[in-house]
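Working notes, structure below.
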2 protein chains.
Amino acid sequence: MSPKITTELLKQLRQVMKNPRFVQEPIQAYIVPSGDAHQSEYIAPCDCRRAFISGFDGSAGTAIVTEQHAAMWTDGRYFLQAAHQMDSNWTLMKMGLKDTPTQEDWLVSVLPEGSKVGVDPFIIPADQWKRMSKALRSAGHDLVPVKENLIDTIWSDCPQRPCKPLITLDLSYTGVSWRDKIVALRSKMAERKVMWFVVTALDEVAWLFNLRGSDVEYNPVFFAYAVIGMNTIRLFIDGDRMMDPAVREHLHLDSTLEPEFRIQVMPYGSILSELQAVGAGLSPKEKVWLSDKASYALTEAIPKAYRYLTPYTPICIAKAVKNAAETEGMRRAHIKDAVALCELFNWLEKEVPKGTVTEIVASDKAEEFRSQQKDFVELSFATISSTGPNGAIIHYKPVPETNRTLSVNEIYLLDSGAQYKDGTTDVTRTMHFGTPSAYEKECFTYVLKGHIAVSAAIFPNGTKGHLLDSFARAALWDCGLDYLHGTGHGVGSFLNVHEGPCGISYKTFADEPLEAGMIVSDEPGYYEDGSFGIRIENVVLVIPAETKYNFKNRGSLTFEPLTLVPIQTKMIDVSLLTEKECNWVNEYHQKCREVVGAELERQGRHEALRWLLRETEPLARVQ
Amino acid sequence: MSPKITTELLKQLRQVMKNPRFVQEPIQAYIVPSGDAHQSEYIAPCDCRRAFISGFDGSAGTAIVTEQHAAMWTDGRYFLQAAHQMDSNWTLMKMGLKDTPTQEDWLVSVLPEGSKVGVDPFIIPADQWKRMSKALRSAGHDLVPVKENLIDTIWSDCPQRPCKPLITLDLSYTGVSWRDKIVALRSKMAERKVMWFVVTALDEVAWLFNLRGSDVEYNPVFFAYAVIGMNTIRLFIDGDRMMDPAVREHLHLDSTLEPEFRIQVMPYGSILSELQAVGAGLSPKEKVWLSDKASYALTEAIPKAYRYLTPYTPICIAKAVKNAAETEGMRRAHIKDAVALCELFNWLEKEVPKGTVTEIVASDKAEEFRSQQKDFVELSFATISSTGPNGAIIHYKPVPETNRTLSVNEIYLLDSGAQYKDGTTDVTRTMHFGTPSAYEKECFTYVLKGHIAVSAAIFPNGTKGHLLDSFARAALWDCGLDYLHGTGHGVGSFLNVHEGPCGISYKTFADEPLEAGMIVSDEPGYYEDGSFGIRIENVVLVIPAETKYNFKNRGSLTFEPLTLVPIQTKMIDVSLLTEKECNWVNEYHQKCREVVGAELERQGRHEALRWLLRETEPLARVQ
């Protein structure tokens, strides 16, 4: 991977930063966040402005360009990747390390007195605007909105915004009709005494209307906003997608529905003016509910006194708790996904020794096996297929320049998942196709201990996920090891593979408490730069736990793994496992055998079934 | 304990809430926080306004009185105590439970439209003011400062503010002179480009000047403020304490020190006007550093643009990391404290079966033994001497009405500590003087497992204490049990027994990372209302840990117990311990034997020594 040469681009950007066609006054710094107008994590090509200006295309990062400097903030997952992709014009700011300045502190340290810092008000979330603006103001600078996106002005071959057909989901997939979701939302609005709710996140729009799209790769969403009143529903969406009879029928666009369920369809681009009109027409006490991560532009459309901002919207919270139809769908999706991976690993075991399987070949093969499964739609994220030192690049994606051939001498890490119409998967397995070293097994076993510690944890109802993060690290910490990422994220139901408001990470404190029906990943790891990467990831469902006692009648929770793919026993140093951990592995493998075995049998995949049976032989614990 | 009858007092308070002598306009609610003007946790009798108005005298709680209601917010430690001490005029708001409203939400739900909510601006911290004020304003109400404290206006026999002599501490206790502390502080000020630092917390004033006092029971502090400039030092303190030749010498008040170390002594009451003068004379860019927990009154004295507020002051952070002299002092103090407790438990073992030892007698006896030790000053908090059901009242203090007699049939919980001139102690032991039930042993053992999990934890440098909290709970959680308080708090060095900025609690996120030299408590528990309480508490020192590997060269930390008092093996169900836990107990007891045994020998306390040797016999693990 050679870095993108950005000298010319930065020169152009610095010119438009002073060009009165685009800025009222010259700006001394321009912030390029990584999101789109919906604060999406995964974005369409036309929104990849930070990647365009810097070359760094990881999923998280913020670029800031001043007259003299260009700096990129990203987290531990991307330190190596960013360093590889950016040229020497850029300074990498490693977030999470003690000596790394915040964006605000850095700006204050490099800017000349009384500077103006510009940002696209549609791209920056309101909460970030507020923090950044306050910090800059207290140092004598100003954060200013720049209406025209300055990257777009220098991006001559910027791709078009996608506008793909929609998929309608019936009750057998969603469990709840969109009208019932609107009713529930309005009841939450009434509780908080708000009159309007603005849906800005793409997955929230999709979930609310039981629609899916494919405007953004990997995330089955479509570009749209919605504004829900107590008696009105406005959907802001472009293209001829609303002409599709199935969509019209699904949304009852042509039937005589009760007025409060009639959907007004409006152009995507009209959201700001419509919202400004709503804002202008509010009577006292009429509040408008927005996520505090909604864009600064939309938030400003509502006068401050009328805003009701929360970190998590009621849709975000409702969406996180999966109902029976969604949970059953997720189970089915994970069984199909396991079938595909059993086929893949069986195939790899035979092919890797021949020396012809590259990371890209393996990745393609994984997609091929998945695509054979019923209701497969697309992958749920870019497959991380990485061997040897590439495994240490936490969010690595193989490209021709880095593409390494799998061998019997290196650890192979595959983090992959798919969107099925009935659920979203995300699984990581770390395999060795030869003989792992004692050290590799030792590290793998610590990671496994951490994985089990979370998966088998029992904790009171109402516990926040971040309180479980250290369980995943204890075995690594004991030996002086650690990993620089969180342990888990919420997973959508045929929706985004990363979703809030819950997760398992030391980084957040404001996560919502875990409750039965939520679905998160459990994915501790260990990475040695230049050598190898290890990660063991299951998607797990929060379920009630039976306990001996029941303090204050609070009830307890634990996790049930939805992912049912063997964990390579060859990589385990059994002597490092406790009896309880050993039993966990054996019971997990027994369940893989029963559930996935039956499906492999049903699909007539006998060779993969034999592989599964061999890989799930019980561990014999060294006494 | 019968509740305080508050009907008449509340009537009087509601009258002054409308009295134009005290309020510009009638107020519809009055907030009575629990702190003093320094946001102290432990307060002088004259500052116990919340206890005066409500009867509830626990260390944490906020009262709010409206025209119709009186409500008290407190945390899990005090639910039972508050319920006992308050009459039916009061509603108890149990913080931390899901359905308990915040003070703001409750006020909004009960106040008539456009209400005014009053509070003493010297008592409410600026950060709380800000939060409360914002929440009230967004609901159409106003938070207003009421200069005269309304409780004081109805408190006819309010005691005088204490003004006791000072103790000077030389280098052998403090390790660093006050002048070097000022130099270090000014260097932190220069780093942040601030010109003034306002010391508002009493323990910070005491630490900075290497002085101690006894104005507040249990906390060796004195009423004072300090304002440190780059070239000036102002100490605001009352009484003739500055006439003491030892103090004058210690502070070099009569010598010709370099001008930047000359201390100007000013009256305590002049802080506000002096600070307003400082505020008025600032030139642009001259910032004033205050804790964001400083009172609203003092914070407002500095114009907003000139304030530099941080959650932890540089003094708070420097004070938390003990130097070699302080650490050695803490070790000595803990050995002396252990001697006293060995004497006590040996004595209790003989006396309890006679049926003559009450909670108060035991508490007094503990103080008597401690007071025999060198450099003993006073207790470090009100001794929690509790047996049977009283043990479940987490911050119980025996009083004649509740005073229970210790017996061979009930669990006894003693949480106690002392101030010695060389250090502060805080230790909890839970003992049974007869035969504990299997269930009591089971619960005790879970608590012990949690205690060990924290004490033996190894974690990377830079880890925040709150990430260790769940380790203390895992064994309890596994069985559906838990405890409703944090696991540990910072401990001062001959200073407050509770101090920031570090601790081990699920409740905070903003704690500073643990580093070698910090001292915290490790005190998980388990409480059954109406039956018993169990807690096992050691004070532990953060030390570097040796690990097999060293990820990213970060280094690792662990804890060394400073408390060296036997943990009653009779209460342990050894079959529930792992081999590692069993070894931990045995090694801990071996150290108690060696270190405390030698001191008991030296002090000629042979009977207590025999008790220690018997109580520290190694556990034989059931295989």
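No experiment lies behind these values; they were computed from the predicted model shown. Chain letters run A, B, ... following the sequence lines, proteins first and then strands; every chain starts at 1.
Using modelled atom types, no side-chain atom of A:S556 and backbone atom of B:G480 make a donor-acceptor pair closer than 3.5 Å.
Interatomic distance, B:D478 CG to A:T558 OG1, rounded to the nearest 0.5 Å: 9.0 Å. One finds the OH atom of A:Y549 at 8.5 Å from the CD atom of B:E528 (value rounded to the nearest 0.5 Å). Atom OH in A:Y308 sits 9.0 Å away from atom OG in B:S138 (nearest 0.5 Å). One distance of note links CZ of B:R554 with CG of A:D482; it measures 4.5 Å at 0.5 Å rounding. Distance check: A:W477 CH2 to B:I458 CD1 gives 11.5 Å after rounding to the nearest 0.5 Å. To the nearest 0.5 angstrom, B:R473 atom CZ is 8.0 Å from A:L467 atom CG.
For A:F471, the parts sitting under 4.5 Å from any heavy atom of chain B are the backbone and the side chain alike. Heavy atoms closer than 4.5 Å to chain A are found nowhere in B:Y306, neither backbone nor side chain. In this structure, the portion of A:K552 lying under 4.5 Å from any heavy atom of chain B is its side chain and not its backbone. Contacts between A:K287 and chain B at a heavy-atom distance below 4.5 Å involve the side chain alone, from C-beta outward. The part of A:T463 that comes within reach of chain B is its side chain, from C-beta onward, which places non-hydrogen atoms under 4.5 angstrom from that chain. In this structure, chain B has a heavy atom under 4.5 Å from the side chain of A:K580, while its backbone stays farther away.
Put simply, of B:K285, B:E442, B:K304, the one with the most heavy-atom pairs under 4.5 Å next to chain A is B:E442.
Heavy-atom neighbours of A:K507 NZ from other residues, nucleotides or ligands within 6.0 Å: above the threshold of 12.
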